[in-house]
Protein chains: 2
Amino acid sequence: MILFTIREAAEKCGISSYTLRYYEKIGLLPPPKRDSAGRRCYTETDLRFMWFLKSVKETGMSLEEIHEFVKDGCIMEKIHLDVPIKELTPSLNRRIEILTKHLENMEAKKKELEEVIAATKSKLDSYHSMLSEG
Amino acid sequence: MILFTIREAAEKCGISSYTLRYYEKIGLLPPPKRDSAGRRCYTETDLRFMWFLKSVKETGMSLEEIHEFVKDGCIMEKIHLDVPIKELTPSLNRRIEILTKHLENMEAKKKELEEVIAATKSKLDSYHSMLSEG
DNA sequence: CTACCTCTTAGAGGTAACTCTAAGTCAAGC
DNA sequence: GCTTGACTTAGAGTTACCTCTAAGAGGTAG
C-alpha cells in the first residue's frame, strides 16, 4: 500500500499542509495513520476523500455543511465491516439530502455563470467596436 | 427621471444599504446625486451599474479587480461629452483585459462545476442503489 | 557532530467582505 | 410639538477560512 506524507498529500490534492491539519482538527478529515516517528501517513483512499472535499468546497459548500456530511465516518468501511444497511440508512439519507441540495446550488451557479459569460462577451464586443469604429 | 432611495436601490439590486455605502466609500460606486435633505438618489443607470457589479462579484471577481476596472469613471458619459476615443483607449484596453481574464476564470469555473455536478450525480446514484439493493 | 529540514502542537494573526453600532439630523404623521 | 423611522457619518465588530508562528523533536547530509 502506497503511503504519503502530509506534504505529498498537500501537493497532490492542492490543499496546504496547514489546511490539512486544520481540517483534521475541526473534524472534516479522519485522523490518518502515523509512522514510527508519529508523522501522518495518508493512503490513496485518504487522498480521494481530500479530492472530494476540495471539489465540493470549491463549488460552494461551506465547511459546516461538509462537516454535517462527513460527521459519522466512512460508510464504505462500515459496509465492509458488515454493518447492516438498516443502520446506515439515516446517514445515507442525510448525505443524499445534502448532496441533492448542493447539486441544486451548483446548477444555479452554472446558470448564473452562463448568463454573466454571455453578458461579458457582449460587453467585450461593444468595447472592441468602440475601438475600431468609434 | 425615476429616482430611488438607497433602500429601494438595495432591494432592487440585492445589495444591502450598508454594502452600497461601503462600495461607494471604497470607490466601487460613483457618488450618487443627493436630495434636498442630503439623501442619496439613485438613477436607473446607477442601478444597472450595481447589477453589473453584483454579477461580476458573484462570479468571482474580487472588489480589488472591480476597483481596477471602474477606476476612471463612466466611459459612456465621456463619449457623450465628446472626449476623443484616442484618450479613452487606455481605459478601454484595461477594461478589455480585465473582462477577458474574468471570462477565462468564469469558463474554468463552469467547467469545474460541470465536472463536480457529474461526479455528484454519480455519487447520489450509488447511494440510492445502496438503499434499494444493498 | 552540526546544520538543516520537516515534522509536531496549540494558538495567534491575517484577509476579504461585509455588517452593524453609536450618535446625530431631518421630515412626516398624530 | 413629539415620536417614529429612515437617513447620515466614522469606525468597530463579525464571519469564514485559512495561514502562520513559536517552541521543540526526529532524521539526514556533509
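Each chain gets a letter, A, B and so on, in the order the sequences are listed, and its residues count up from 1. The structure displayed is predicted, hence computed values, not measured ones.
Summarising the geometry, the separation between CG on A:Leu20 and P on D:dT19 is reported as 12 Å, rounded to the nearest angstrom. Summarising the geometry, the separation between CG on B:Leu29 and C1' on C:dC18 is reported as 14 Å, rounded to the nearest angstrom. The interatomic distance linking B:Asp35 (CG) with C:dC26 (C1') rounds to 10 Å, in whole Å.
Residues satisfying the side-chain hydrogen bond (donor to acceptor under 3.5 Å, both in side chains) test with A:Thr100, not counting sequence neighbours, are none. Here A:Glu65 pairs with A:Ser62, A:Lys101 under the side-chain hydrogen bond (donor to acceptor under 3.5 Å, both in side chains) rule; sequence neighbours left out. Considering only residues two or more places apart in sequence or on other chains, B:Lys121 meets the salt bridge (Lys or Arg N to Asp or Glu O under 4.0 Å) condition with A:Glu107.
The residue among A:Tyr18 and A:Ser36 whose nearest nucleotide of DNA chain D lies closer to the 5′ end is A:Tyr18.
The side chain to side chain contact (heavy atoms under 4.5 Å, CB included) test with B:Leu53 is passed by exactly one of B:Ile66, B:Val70, B:Leu20: B:Ile66.
For the ring-ring contact (aromatic ring centres under 6.0 Å, His included) condition, no pair includes a residue of residues 5-44 of chain A, sequence neighbours left out. Residue pairs meeting the ring-ring contact (aromatic ring centres under 6.0 Å, His included) criterion with at least one member in residues 84-128 of chain B: none, sequence neighbours excluded.
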Would you mind building the protein contact string for nucleotides 2-17 of chain D? One character per nucleotide, 5' to 3', B for base within reach (heavy atoms under 4.0 Å), S for sugar-phosphate only, - for untouched.
-> -----SBB-B-----B

